[in-house]
Every structure is written in structure tokens, then in C-alpha cells.
Amino acid sequence: MFFPDQPKGLGEHFTAWKFNYVGEVFGNLSGGIRQGAIYEGYAKIGLALNLEKMVGWKNTVFYVNLLYPHGTGLTQGYVGDLSTVSNIDTYDSLRIFKLFLQTNCFDDRLTFRLGIQAVDKDFFSSEGAALFLNSGFGAFPVIGQDLAAPIYPVSAPGLRLTWSPT
């Protein structure tokens, strides 16, 4: 399976795709605004194109993914906390989350990425964050609430240059 940050990209494949779906049920048993339970979900579809195989651009990949978060979050109507109970909780809408061109050079030690992207995965999240559901373990709440940066569920145009010395 291809992920944009893998050094060898798509290898011999022309394209790769991925589909992820997460669904969760949460409930507030006491306290907060009111008691009750909710269901919310999150679908992500991604497509990568190997531009070296398609048009001859060496070590270059085009990547796009779409997000569709849906359902009622527990935070707004039941708990009323300042962060969010779930790390996938956001407004229901279909959105382009990533759309970028990436090229790797110097034996994959230098990566250049240009396009729509979010900074939380590369700069602001803990490696162990995926083990937990609470949003405090993703992009740190202080960053999400106090810094005007493109983090889930919002992305923005940008340039990322990554250097990985030997």
C-alpha cells in the first residue's frame, strides 16, 4: 500500500488507492449539558499517481485524498468541553484534505511537497496518538485552539521541504 511519505513511493505501480472508515459510538452518562449517545463516522479515500511511470517525472507522485466526516459529535450537544471528545469530530462535509505533488531526490533524503496539506501529521502529533480516541492525543489541543495552522479537519496550500541526513 502506498503512503506519500514512503521513500520509494509507488515503485513499479502506476496508481495506488486507499480507503479508510472509522465509526464510533460515544455516550455521556452523567454531567455535561445532557445525557445521551451518538454515532459519528469518518471516511477517507486516497489516490496516488506515479508520475514517473505516467509522464517520466522521476521520483514524483501526485496524491489526493477526500474526507467525509459525518454524524453528531458528543461535544457540542452533550458534554460542552473546550476540546472535543473524539479525534474525528468535525462538521459534516465532503472535503479535499490533501492534494499535492511530491518529489524525492538524493536517494530520498530530500523531499519537496507542494499543494494542499495539513501540518498536524508531520509536525504536531504524537507517534502514539493513534492508540487513543480522545482528541487531546492527536494535534495537541493547545496548538489546535491557539495557533492558526492547517490541522485536521482543515488543510491549506503550502510547501514542505524535508531533509533526512544519513
Side-chain angles (χ1 to χ4, degrees), residues 1-11 13 15-50 61-102 111 113-160 162:
M1 179 67 58
F2 166 78
F3 293 96
D5 292 324
Q6 288 178 335
K8 296 301 176 189
L10 292 166
H13 301 286
T15 63
W17 64 275
K18 65 180 175 179
F19 175 78
N20 294 337
Y21 185 83
V22 174
E24 56 193 18
V25 174
F26 281 115
N28 183 24
L29 301 178
S30 67
I33 298 169
R34 65 181 176 158
Q35 287 69 52
I38 58 94
Y39 174 83
E40 62 186 343
Y42 163 93
K44 179 167 49 172
I45 300 169
L47 173 68
L49 304 176
N50 185 341
V61 172
F62 172 78
Y63 182 75
V64 60
N65 77 17
L66 302 173
L67 299 181
Y68 180 59
H70 57 279
T72 303
L74 195 67
T75 293
Q76 295 86 358
Y78 296 86
V79 178
D81 62 342
L82 293 176
S83 190
T84 55
V85 173
S86 168
N87 64 358
I88 67 169
D89 187 13
T90 189
Y91 297 103
D92 296 5
S93 65
L94 181 63
R95 62 190 79 188
I96 295 174
F97 188 59
K98 293 181 182 175
L99 182 123
F100 59 77
L101 192 65
Q102 176 176 307
T111 301
R113 181 184 288 179
L114 177 66
I116 299 170
Q117 51 196 316
V119 298
D120 51 345
K121 182 175 181 183
D122 293 326
F123 299 102
F124 295 138
S125 65
S126 162
E127 287 186 25
L131 299 173
F132 304 100
L133 295 174
N134 185 290
S135 66
F137 297 103
F140 308 120
V142 170
I143 292 168
Q145 293 173 0
D146 296 335
L147 181 66
I151 61 172
Y152 175 85
V154 177
S155 55
L159 167 68
R160 186 195 79 180
T162 305

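On a predicted model such as this, the values are computed, not experimentally measured, just so you know. Starting from 1, each residue takes its place in the sequence as its number.
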I'd like to know if the side chain of Glu40 and the backbone of Ile88 have a donor-acceptor N/O pair within less than 3.5 Å. no

Side chains of Ile45 and Trp17: closer than 4.5 Å at any heavy-atom pair? no

Identify the two heavy atoms, one from Tyr91 and one from Arg95, that lie closest to each other, and give their separation to 0.1 Å. O-NH2, 2.8 Å

Taking everything shown except Leu94 itself, do over 12 heavy atoms lie less than 6.0 Å from its CG? yes

So do Leu99 and Phe62 actually touch side chain to side chain, heavy atoms under 4.5 Å? yes

For Tyr21, is the OH atom crowded, meaning more than 12 foreign heavy atoms sit under 6.0 Å from it? yes

When rounded to the nearest 0.5 angstrom, what is the spacing between CG in Asn20 and CG in Asn65? 9.5 Å

With sequence neighbours excluded, tell me which residues meet ring-ring contact (aromatic ring centres under 6.0 Å, His included) with Tyr78. none

When you look at CD1 of Ile33, are more than 12 heavy atoms from neighbouring residues, nucleotides or ligands closer to it than 6.0 Å? yes

Given 3.5 Å as the limit, does a donor-acceptor pair link the side chain of Asp92 with the main chain of Gly71, or not? yes

Backbone N or O of Gly77 within a donor-acceptor pair of the Arg34 side chain at under 3.5 Å? yes

Give the minimum heavy-atom separation between Ser155 and Ile116, together with the two atoms involved. OG-CG2, 3.1 Å

To check you understand the geometry: which heavy-atom pair defines the closest contact between Phe19 and Ala43, and what is its length? CE1-CB, 4.3 Å

Going by distance alone, is a donor N or O of one side chain under 3.5 Å from an acceptor N or O of the other, for Thr111 and Arg113? no

For Asn50 and His13 the tightest heavy-atom approach is ND2-O, 2.9 Å

Say whether, by atom type as modelled, one donor and one acceptor occur between the side chain of Thr75 and the main chain of Val85 under 3.5 angstrom. yes

Nearest atoms (heavy-atom pairs only) where Tyr63 meets Ala48: CD1-CB, 3.9 Å

Mind listing the closest non-hydrogen atom pair of Leu74 and Phe26 along with its distance? CD2-CB, 3.7 Å

